[in-house]
Structure formats: C-alpha cells, structure tokens
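One-based numbering along the sequence shown.
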Amino acid sequence: MSVKKVSPLSPEQVLDLPAMPGVKQAFAALNISEGTGYQLIRQEQFPIEVIPFGRTKRVRKTDLCQFLGLSALLAAGVQSAAATHDDGAPGVQPETPSEQPAPTSASK
C-alpha cells in the first residue's frame, strides 16, 4: 500500500477552507499523510471530531483552527468580513439611526 504525500497548508490556506472541509483537507492542514489520518480516524484518535456525511467525512473548520491555534485569526477574519460586507440588502446599519414610528392621535 502506498502512502499518498499531502502538501501541507499554510495558516492562510487553512483560514480559507470552507466551514466543513473534508478530512483530506484536514490532513493537509495537520501535515499528516492520508494513511496516518485515516488510521487515526479508525482508532478514534484523530485530534478533532470527524463527522460522517454519507460516504464522505468532514470536520468543522472552527475545531481545526482551534486545534492549530488559529482561532484568534479566524475570529478576526470573521469580524473583518462582517464589517466590510455590503450586499445592498435592506437592514439597519450600525451607524444608521433607527427609524421612530410617526406619532398617532392616540399617543398625543
């Protein structure tokens, strides 16, 4: 059986992963081979929870980042994205004053 070499991911690449990356992406983030990764999963020794989705297995990006010590960078990226996100959708913006209802004759 040949062991497939996985190219390790940089912290920036880990932060760019989807919310539920596949285990192969997790192996790359952890810089371990597929053989070692699957062996750890079978032995229930993988350092983060593995979630089965049919025939595929996934992990939570937040768990992966926490294990790698990237939680602060992940949180900063989420806050930055939220602050700069503008899709034109209606809603109250933080710097926009909220509208007050017009007074009615009953409230005078």
### Sidechain-backbone polar pair: Lys61 side chain, Leu15 backbone, donor-acceptor under 3.5 Å
yes
### Task
For residues Ala29 and Leu64, report the shortest heavy-atom separation together with the two atoms involved.
CB-CD2, 3.8 Å
Identify each donor-acceptor pair in which a side-chain atom of residues 49-56 lies under 3.5 Å from a protein atom, sequence neighbours left out, and give them as a table.
from, atom 1, to, atom 2, distance (Å)
Glu49, OE1, Arg60, NH1, 2.7
Thr56, OG1, Phe53, O, 2.8

### Query
If you measure from CG on Leu70 to CD on Glu12, what distance do you get to the nearest 0.5 Å?
9.0 Å
### Task
Taking the side chain as every heavy atom from C-beta outward, state whether Leu30 and Leu9 have any atom pair closer than 4.5 Å.
no
### Task
Could you tell me the separation between the OG atom of Ser10 and the CG atom of Asp16, rounded to the nearest 0.5 Å?
8.0 Å
### Query
How about Glu44: does its CD atom have over 12 heavy atoms from other parts shown lying under 6.0 Å from it?
no
### Summary
Partner of Ile48 under side chain to side chain contact (heavy atoms under 4.5 Å, CB included), picked from Leu68, Val59, Val23, is Val59
### Message
Show the nearest heavy-atom pair for residues Ser7 and Ala28, with the distance to one decimal.
### Response
O-CB, 3.4 Å
### Query
Under 3.5 Å, is there a donor-acceptor pair between the side chain of Gln25 and the main chain of Gly22?
yes
### Message
According to ring pair (Phe, Tyr, Trp, His ring centres under 6.0 Å), does anything in residues 29-48 pair up with another residue at least two apart or in another chain? List the pairs.
### Response
Phe27-Tyr38, Phe27-Phe46
### Task
First locate atom OG1 of Thr62, then atom CE of Met20, and finally report the distance between them rounded to the nearest 0.5 Å.
8.5 Å
